[in-house]
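We count ligands from 1, going down the list as the structure has it; atoms in each ligand are counted the same way.
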Amino acid sequence: VRVAVIGAGVVGLSAVAGLLDRGAEVTCFERADTGMTERSAGSSRIFRLAHTDPELVRLADLARDGFCRWAERAGAPLISGVGCVISGEDMTDRAAAMHAAGATYRIVEGEVARLPARRPPDQVLVDPVGGVIDVDAVRRLLVDGAGSALVRGVVYGLDDGPTGATVHASTGTGRFDAVLIAAGAGTPPLAAHVGIYAPTALSHHVRFAFPLQPGPERPCWIDGPPGEPGTYQHQTGPGLWSVGGHVDPAATAWELGREAAGEASQDAALAYVRERLTVEPRIVETLYCTHTPDLGDGIHLRRSEGVVHAVYGENLFKFAPVLESMLAEALLGDS
Ligand SMILES: Cc1cc2nc3c(=O)[nH]c(=O)nc-3n(C[C@H](O)[C@H](O)[C@H](O)COP(=O)(O)OP(=O)(O)OC[C@H]3O[C@@H](n4cnc5c(N)ncnc54)[C@H](O)[C@@H]3O)c2cc1C
C-alpha cells in the first residue's frame with residue numbers, strides 16, 4: 001500500500017512509524033529541512049493523564065505505555081517522573097474524569113506540591129505519572145525511524161478519488177492509495193482541496209523560559225485561576241522554568257502580527273512571573289508557534305469521500321504513541 005503523509009511534525013512522524021511497522025510504502029513530505037520544527041519544535045512538553053474527559057485520560061494512559069515502548073527503542077526514558085500538578089477552575093472535573101477512567105491521583109495541600117509559587121494554591125490535584133517529555137529524544141527516534149521515507153518537499157495540491165489520490169508536490173506528482181494530511185497550521189488549506197473542513201483561525205503563542213533557582217525537583221504545573229487565562233509550566237532543562245499562557249486572547253490575535261503579539265505575551269509573562277512565581281523574572285529562551293484557538297484537548301480525525309484523512313488538534317504531543325497506531329490503522333484499514 002502506498003501512503004503519503006504530509007507534514008513531519010510529531011503527528012506525521014508518529015503515523016509514519018506505525019505505517020512502516022505495518023509494511024506500507026511511505027513517503028512523508030516535509031517543507032522544512034528536517035522534522036519537528038514548527039509546532040513540534042523545542043526540547044520539552046508536558047505529559048499528563050489529567051484531562052476533563054475520561055476518554056482522553058484513557059488515551060493518555062495508552063500513550064504512556066507507548067512512550068515506555070518507544071523508550072526501549074530509544075534506549076533512554078522519554079518522560080521524566082516529576083509528576084504533574086493541576087490547580088484552579090477545572091481541577092474537580094479533571095479529578096472526576098481520572099476517577100471515572102480508573103487513573104491514580106491525589107488531592108493535596110498546595111504547600112506540599114513543590115511549586116515555585118509565591119502563594120501556592122490551597123489545594124492541587126497530583127497526577128503522579130505526569131512529567132516532562134524529552135522532545136529531542138522523540139525527534140531523534142522518529143526522524144531516524146522514518147529514514148528515507150522522509151522527503152523534503154512542499155505539497156501544494158491534492159486530487160482525491162475512490163481508489164487513490166494524486167499528490168502535487170514541489171518534488172513532482174505522485175499517486176497514492178491513501179493520504180494523511182498532518183501539516184499542523186498547513187492542514188486547513190490542504191484539507192479544503194478534498195472537501196474536509198479543519199478550523200482555519202490562527203493566533204500567536206509564545207512560551208518563555210526563566211532561570212530557576214536550584215532546589216527540589218519541581219512537578220509540571222497546569223494552573224487555571226478562576227476568571228483569568230490559565231498557564232502551563234514545567235522545568236524545561238537544568239535551571240530553566242518555562243511558562244506559557246496567561247495572555248488575553250485579544251492580544252495574540254492573528255491580525256496583530258507576530259511582533260506585537262510576541263511583545264504582549266512577553267509583558268504578560270514577565271508581570272505574571274514577578275507577581276506569582278519565585279523564579280527570576282528574566283527571559284532566557286522563547287518558543288514561538290502558531291496556535292489554533294478554542295480547540296481544547298483532543299484529537300480530530302476526518303476522512304474525505306475518497307482516501308484522504310486529515311488530523312488536527314491541540315496538545316497532541318502527549319498522544320504521539322497513540323497516534324502511531326490510530327492513524328496507521330485508519331489509513332490502512334477502513335476505520
Ligand atoms: C509552545 C508549545 C507548548 C506546547 N505544550 C504542549 C504540552 O505541554 N503538551 C502537549 O502534549 N502538547 C503541547 N503542545 C502542542 C504540541 O506540541 C502540538 O500539538 C504538536 O507538536 C503538533 O504537531 P503536528 O505534527 O500536528 O504539527 P507540526 O509540528 O507543526 O508539524 C506539521 C508539519 O507540516 C509541515 N507542513 C505544513 N504544510 C506543509 C506542506 N504544504 N507541505 C509539506 N509540509 C508541510 C510543517 O513544516 C510542519 O513540520 C505545545 C506546543 C507549543 C508550540
Side-chain angles (χ1 to χ4, degrees), residues 4-16 27-51 56 59-60 63-64 67 79 84 130-133 135 138-139 142-143 150-158 167-171 179-193 198 202-209 220-222 231-236 242-245 247 252 265 269 285-292 295-301 310-323 327:
V5 175
I6 307 170
V10 71
V11 175
L13 287 173
S14 299
V16 170
T27 305
C28 177
F29 296 94
E30 171 53 54
R31 64 184 173 189
D33 283 351
T34 183
M36 289 176 56
T37 56
E38 291 206 359
R39 290 176 171 177
S40 308
S43 60
S44 61
R45 292 291 186 276
I46 297 174
F47 177 83
R48 59 186 153 90
L49 292 194
H51 289 80
L56 291 179
L59 276 183
R64 186 172 62 117
F67 275 115
I79 303 179
C84 184
V132 181
I133 305 172
V135 169
V138 173
R139 184 179 295 114
L142 293 180
V143 170
L150 182 52
V151 168
R152 185 161 187 206
V154 185
V155 173
Y156 53 84
L158 286 170
V167 174
H168 304 278
S170 54
T171 48
V179 175
L180 175 68
I181 308 172
T187 291
L190 285 174
H193 283 233
L202 287 176
S203 63
H204 304 276
H205 180 77
V206 194
R207 186 179 95 181
F208 300 94
C220 306
W221 180 20
I222 314 269
T231 60
Y232 62 93
Q233 319 187 13
H234 65 283
Q235 190 159 353
T236 189
S242 89
V243 182
V247 191
T252 54
S265 305
E285 209 177 271
T286 58
L287 180 60
Y288 168 86
C289 72
T290 61
H291 173 71
T292 306
L295 266 182
D297 277 316
I299 304 162
H300 300 256
L301 179 60
V311 59
Y312 58 90
E314 205 176 317
N315 289 328
L316 294 179
F317 211 107
K318 59 183 142 63
F319 291 122
V322 164
L323 291 165
L327 296 175

If I take atom [atom1] from residue [X] and atom [atom2] from residue [Y], how far apart are they, to the nearest 0.5 angstrom?
{"X": "R45", "Y": "I133", "atom1": "CZ", "atom2": "CD1", "result": "8.5 Å"}
{"X": "Q233", "Y": "R207", "atom1": "CD", "atom2": "CZ", "result": "11.5 Å"}
{"X": "S44", "Y": "F317", "atom1": "OG", "atom2": "CZ", "result": "9.5 Å"}
{"X": "Y156", "Y": "H193", "atom1": "OH", "atom2": "NE2", "result": "11.0 Å"}
{"X": "I222", "Y": "Y232", "atom1": "CD1", "atom2": "OH", "result": "9.0 Å"}
{"X": "F47", "Y": "I79", "atom1": "CZ", "atom2": "CD1", "result": "4.5 Å"}

If hydrogens are left out, which of [options] has an atom nearest to [atom], that is, the closest non-hydrogen atom?
{"atom": "atom 38 (N) of ligand 1", "options": "R31, Q233, R207", "value": "R31"}
{"atom": "atom 10 (C) of ligand 1", "options": "F29, F317, Y312, F47", "value": "F317"}
{"atom": "atom 32 (C) of ligand 1", "options": "G35, A183, A60", "value": "A183"}
{"atom": "atom 1 (C) of ligand 1", "options": "Y288, Y232, F319, F208", "value": "Y232"}
{"atom": "atom 12 (N) of ligand 1", "options": "N315, T292, D33, T286", "value": "N315"}

pair [X]-[Y]: side-chain heavy atoms closer than 4.5 Å:
{"X": "I299", "Y": "L316", "value": "yes"}
{"X": "H51", "Y": "N315", "value": "no"}
{"X": "T236", "Y": "L287", "value": "no"}
{"X": "S242", "Y": "H234", "value": "yes"}

May I have the list of side-chain donor-acceptor pairs in residues 179-187 shorter than 3.5 Å, sequence neighbours left out?
residue : atom : partner : partner atom : Å
T187    : OG1  : A183    : N            : 2.9
T187    : OG1  : G184    : N            : 3.2
T187    : OG1  : G184    : O            : 3.3

Could you tell me whether [X] approaches ligand 1 through its side chain, its backbone, both or neither, with non-hydrogen atoms closer than 4.0 Å?
{"X": "A169", "answer": "neither"}
{"X": "Y156", "answer": "neither"}
{"X": "C289", "answer": "side chain"}
{"X": "K318", "answer": "both"}
{"X": "L190", "answer": "side chain"}

Can you find a non-hydrogen atom of [X] under 4.0 Å from ligand 1?
{"X": "M36", "result": "no"}
{"X": "G42", "result": "no"}
{"X": "G244", "result": "no"}

Return a yes/no value for [X]: is any of its N or O atoms, backbone included, closer than 3.5 angstrom to an N or O of ligand 1?
{"X": "E30", "answer": "yes"}
{"X": "L287", "answer": "no"}
{"X": "V11", "answer": "yes"}
{"X": "T37", "answer": "no"}

Could you find the nearest protein heavy atom to [atom] and give me its residue, atom name and distance?
{"atom": "atom 7 (C) of ligand 1", "value": "I46 N, 3.5 Å"}
{"atom": "atom 29 (O) of ligand 1", "value": "S40 OG, 2.5 Å"}
{"atom": "atom 51 (C) of ligand 1", "value": "R45 NE, 3.5 Å"}
{"atom": "atom 19 (O) of ligand 1", "value": "L316 N, 3.0 Å"}
{"atom": "atom 31 (O) of ligand 1", "value": "G9 CA, 3.2 Å"}

List every atom of ligand 1 that sits less than 4.0 Å from any heavy atom of [X], numbering the atoms from 1 in the order shown and giving each element.
{"X": "V155", "result": "40 (C), 41 (N), 42 (N), 43 (C)"}
{"X": "V10", "result": "20 (C), 21 (O), 23 (O), 25 (O)"}
{"X": "R39", "result": "17 (O), 21 (O), 22 (C), 27 (O), 28 (P), 29 (O), 30 (O), 51 (C), 53 (C)"}
{"X": "G7", "result": "33 (C), 34 (O), 35 (C)"}

Using modelled atom types only, decide if a donor and an acceptor are shared between the side chain of R64 and the backbone of L49 within a distance under 3.5 Å. no
Pairing residues for R39 by the salt bridge (charged side-chain N to carboxylate O under 4.0 Å, His left out) criterion, not counting sequence neighbours: none
Using the ring of each side chain (for Trp, its six-membered ring), is H291 parallel, tilted or perpendicular to H205, with breaks at 30° and 60°? tilted
Going by atom types only, do S265 and H204 share a side-chain donor-acceptor pair under 3.5 Å? no
